[in-house]
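Computed over heavy atoms, backbone and side chain alike; hydrogens, waters and symmetry mates excluded. Quick caveat, the model's predicted, so the values are computed rather than measured. FYI, the numbering just counts along the sequence from 1.
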Amino acid sequence: TATIRQDFLRLSIEVASMGSDSETLLVVPKKDPESGRPLLYYIYRVVPKKISNQAGSSYEGAAILKFESEQTNCLRGNYFTSRKTDGYFVLQRE
């Protein structure tokens, strides 16, 4: 579950999952210079929940999230982490 908060001075994205929570380090809104589509440059820290012996230590990640059309109302983009992992975010508005 992702919660996006915005006020006049701040923008944050908090993600909570079964095994971890994330905290925003930096979110910068931009506009794609070619298409004009809104983007978010997102840098975050993941803090694993110590609910098992498998939980590791905190790590950082970064993503460039593109806002999809108003019909799909979601953010999508690739991410990579300091643990040398990568993947794909899809954040859908409910």
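Under the 4.5 Å side-chain criterion, counting only non-hydrogen atoms from C-beta, Arg45 is not in contact with Tyr59. Looking at heavy atoms from C-beta onward, Asp21 lies out of side-chain contact with Glu14 at the 4.5 angstrom threshold. The shortest distance between side-chain heavy atoms of Leu40 and Leu75 falls below 4.5 Å. For the pair Ser57 and Pro48, the minimum side-chain heavy-atom distance is 4.5 Å or more. Within the 4.5 Å cutoff, side-chain heavy atoms of Leu65 are placed close to those of Leu91. Counting heavy atoms from C-beta on, the side chains of Glu23 and Val47 come closer than 4.5 Å. When side chains are defined from C-beta on, Ile4 counts as touching Leu11, because their heavy atoms get closer than 4.5 Å.
Follow the hydrophobic side-chain contacts under 4.5 Å out from Leu25 and you reach Ile64 in the same cluster. In the hydrophobic clustering of ILVMFWY residues, with side-chain heavy atoms under 4.5 Å counting as a link, Ile43 and Val27 come out apart.
A donor-acceptor pair is defined here as one N or O able to donate and one able to accept, closer than 3.5 Å; such a pair exists between the side chain of Ser82 and the backbone of Glu60. Not a single donor-acceptor pair under 3.5 Å links the side chain of Thr24 to the backbone N or O of Leu26. A donor-acceptor distance shorter than 3.5 angstrom exists from the side chain of Ser22 to the backbone of Val15, with no hydrogens or angles considered.
Across all their heavy atoms, Tyr44 and Thr81 have their closest contact at OH-CG2, 4.0 Å. Nearest heavy atoms, Cys74 versus Gln92: CB-OE1, 3.5 Å. Here the shortest heavy-atom pairing between Arg76 and Tyr88 reads CB-OH, 3.3 Å. Across Gly36 and Lys31, no two heavy atoms sit closer than the pair O-CG, 3.1 Å.
Taking the six-membered ring where tryptophan is involved, the planes of Tyr42 and Phe89 are tilted, since the angle between them lies from 30° to 60°.
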